[in-house]
Amino acid sequence: MALSAHRGEILHFLRDPVEHGESAIQHLKDGVLVIDEGRVVQCGDAAKLLPHLPDDARLSHHTNGLIVPGFIDTHVHFPQVEVMGAYGTQLLDWLETHTFPAERKFADRQYADEVAQFFLDQLLKNGTTTALVFGTVHPQSVDAFFTAAEQKNLRMICGKVMMDRNAPEYLRDSPEQSYYESRELIERWHKKDRLRYAVTPRFAPTSSEEQLQKASDLLKAYPDVHFHTHLAENKEECEWVASLFPDDRSYLSVYDRFKLLGRRSVFAHSIYLDKQDWARIGQCGAGVAHCPMSNLFIGSGLFDLQAARSSNVHIGLGTDIGGGDSFSILRTINEAYKIQQLRGENLSPFESLYHATLGGAKTLDLEGAIGNFEEGREADFVVLDYAATPLIDFRIQHCQSLMERLFVMQMLGDDRAIRHTYILGERY
Ligand code: GUN
Ligand code: ZN
């Protein structure tokens with residue numbers, strides 16, 4: 001197949017801009033992204049690259065927009081679409097009242113198939129090309145998700161929830177059952193095309209010690225799978241964990257005791273942690289998913305970005321649908337900015353775009369495959385539209401710099417700001 005080339009303003013990160021400053025950022029006012037067989041072969045100035053393109057290259061010119069890597073959602077629940085925007089409660093009550101009854105429906109494979117399709121369409125419409133995704137306790141929910149993701153050639157990570165206590169009977173498995181069902185799913189899906197598996201105990205309160213041990217056994221038997229769970233999201237939840245595991249120093253120590261912290265471990269929320277916890281996450285090369293929309297919507301708390309940064313913890317952004325009330329990573333960045341404002345701290349538009357792209361890829365240990373436009377990366381990218389709405393159009397015309405334009409897109413943008421989403425170089 002012929003090369004394809006995308007001309008326009010391009011922005012991506014080679015490294016962490018907080019640590020490395022301007023040298024981390026590649027910004028091309030008039031650039032070209034050249035793609036062959038779904039992978040980036042070149043990214044550089046149009047004036048330099050265009051004269052060397054073969055005659056049969058397919059050239060697209062994206063004017064009045066910004067080409068950036070596809071967004072990465074590092075924590076989201078596909079079966080919770082129908083509880084988005086549910087009124088009134090905080091985490092533990094929200095789970096009982098809204099979430100568990102909705103997840104029950106995923107025993108039905110056909111329903112799971114329908115929701116998986118809808119969910120992926122929404123992600124792509126919002127410019128999200130990779131996600132770390134919770135299924136339900138039903139293995140067929142994960143089959144449905146991976147089947148839909150594979151059809152669309154997506155790079156996705158998913159796992160079956162392991163949950164054997166403190167949940168309705170209809171959503172519980174057992175330690176043995178969760179082990180065998182997870183194992184079968186790993187054998188069927190892990191590393192199939194662009195898919196990866198994550199061992200996924202819901203959170204410490206809903207797994208017995210026997211089940212956490214089974215999760216650990218799975219990581220030992222399959223050392224290259226991911227690990228995904230919730231951590232220290234809500235004060236009541238933290239008190240509950242302290243009472244269920246009285247001998248552990250902290251919530252994180254429960255997971256640590258079962259050897260669940262590693263390079264491919266992602267802990268969603270991670271709000272109520274102390275210095276020792278942060279140091280331990282950093283030391284293990286693990287990551288956290290910052291979920292600002294959900295943390296505000298279900299009233300959980302204000303994430304300590306500064307503590308995460310200074311402990312060298314990988315940081316990704318998560319919508320945490322259905323705790324979060326939008327699929328949009330731009331909206332997520334908007335809320336992340338406001339949370340830092342409330343903490344009297346700063347979040348630059350470059351840093352937040354980094355968390356949404358290369359930082360997210362590092363959080364998922366996928367930086368060799370996705371997250372920027374270095375040669376050989378999979379060509380998942382989006383074109384942001386500087387004229388997406390009359391307001392954005394007006395506001396962009398009054399910007400002087402890239403930083404201002406990027407910030408306006410993040411603060412005023414949502415799915416309407418995503419002009420196109422490309423998967424492996426093909427427009428979705
Ligand atoms: N903690 C345990 N389960 C959940 C869930 O489904 N959503 C959120 N936000 N937190 C959780
Ligand atoms: Zn969650």
Side-chain angles (χ1 to χ4, degrees), residues 73-86 88-106 115 119 123 131-138 141-142 145 157-168 171-173 178 198-208 211-212 215 226-241 244 251-252 254-255 260 265-273 287-303 316-327 332 335 363:
D73 187 337
T74 57
H75 177 68
V76 57
H77 301 250
F78 100 83
Q80 293 182 13
V81 179
E82 76 170 66
V83 302
M84 287 173 76
T89 55
Q90 295 211 351
L91 179 64
L92 301 179
D93 185 43
W94 178 84
L95 286 172
E96 293 282 344
T97 310
H98 301 294
T99 309
F100 291 152
E103 293 195 5
R104 182 179 201 173
K105 297 185 188 171
F106 288 73
V115 177
F119 173 86
L123 280 192
L132 173 59
V133 182
F134 260 68
T136 62
V137 75
H138 316 97
S141 72
V142 176
F145 180 80
I157 309 173
C158 187
K160 173 205 121 71
V161 167
M162 304 169 76
M163 172 153 75
D164 69 346
R165 65 168 178 169
N166 293 321
L171 278 185
R172 272 186 248 161
D173 55 15
S178 67
V199 170
T200 309
R202 180 168 215 116
F203 64 159
T206 49
S207 286
S208 63
Q211 187 167 62
L212 292 172
H226 298 255
F227 177 77
H228 186 197
T229 194
H230 296 91
L231 169 68
E233 172 179 4
N234 164 291
K235 283 188 180 151
E236 230 184 300
E237 168 209 7
C238 293
E239 285 162 17
W240 193 19
V241 171
L244 290 169
Y251 192 158
L252 183 75
V254 177
Y255 296 136
L260 300 173
S265 301
V266 176
F267 297 96
H269 305 283
S270 300
I271 297 173
Y272 300 103
L273 302 181
V288 298
H290 176 22
C291 305
M293 274 192 311
S294 166
N295 295 343
L296 294 173
F297 189 81
I298 50 177
S300 300
L302 306 180
F303 179 71
L317 295 175
T319 59
D320 191 31
I321 284 164
D325 53 322
S326 166
F327 278 89
T332 305
E335 306 282 20
T363 304

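Note that ligands are numbered from 1 as they come in the structure, with each ligand's atoms numbered from 1 the same way. When a residue number appears, it is its place in the shown sequence, counting from 1. These figures come from a predicted structure and were not determined experimentally.
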Kindly say whether R202 contributes a backbone atom to a donor-acceptor pair with the side chain of T229 at under 3.5 angstrom? yes
Would you check if there is a donor-acceptor pair between the side chains of Y251 and E237 at a distance under 3.5 Å? yes
Evaluating non-hydrogen atoms only, which member of Q80, H77, H98, R202 is closest to atom 3 (N) of ligand 1? R202
Which residue owns the protein heavy atom closest to atom 7 (N) of ligand 1, what's the atom, and how far is it? W94 CZ3, 3.5 Å
I'd like to know whether the aromatic ring centres of F267 and H75 sit less than 6.0 Å apart in this structure. no
Just which atoms of ligand 1 are under 4.0 Å from any heavy atom in H269? 9 (N)
Please indicate whether any nitrogen or oxygen in E103 is less than 3.5 Å from any nitrogen or oxygen in ligand 1. no
Report the C-alpha distance between L171 and M163 in whole Å, list the side-chain angles of each, state the deciding distance to 0.1 Å, and finish with yes or no for side chain to side chain contact (heavy atoms under 4.5 Å, CB included). CA-CA 7 Å; L171 278 185; M163 172 153 75; 3.9 Å; yes
Interfacing atoms of ligand 1 (cut-off 4.0 Å, heavy-atom, L95): 2 (C), 3 (N), 4 (C), 5 (C), 6 (O)
In this structure, which one of D325, T319, I321 forms a side-chain contact (heavy atoms from CB on, under 4.5 Å) with M84? I321
I'd like to know if the Zn ion (ligand 2) has an N/O/S atom from C291 within less than 2.8 Å of it, counting both backbone and side-chain atoms. no
Nearest 10° is fine: what angle sits at the Zn ion (ligand 2) between NE2 from H75 and NE2 from H77? 110°
Angle between ring planes, H269 versus H230, binned at 30° and 60°: parallel, tilted or perpendicular? parallel
In this structure, NE2 of H290 is separated from OG1 of T74 (nearest 0.5 Å) by 10.0 Å
Does only the side chain of F297 get under 4.0 Å from ligand 1, or the backbone, or both, or neither? Count heavy atoms. neither
closest protein heavy atom to atom 4 (C) of ligand 1 is H230 CE1, 3.4 Å
Subset of ligand 1 atoms that lie under 4.0 Å from at least one heavy atom of D320: 8 (C), 9 (N)
Do any nitrogen or oxygen atoms of E233 come within less than 3.5 Å of a nitrogen or oxygen of ligand 1? yes
Relative to the ring of W240, is the ring of F203 parallel (under 30°), tilted (30 to 60°) or perpendicular (over 60°)? perpendicular
Measuring to the Zn ion (ligand 2), does D320 have an N/O/S atom at a distance below 2.8 Å? yes
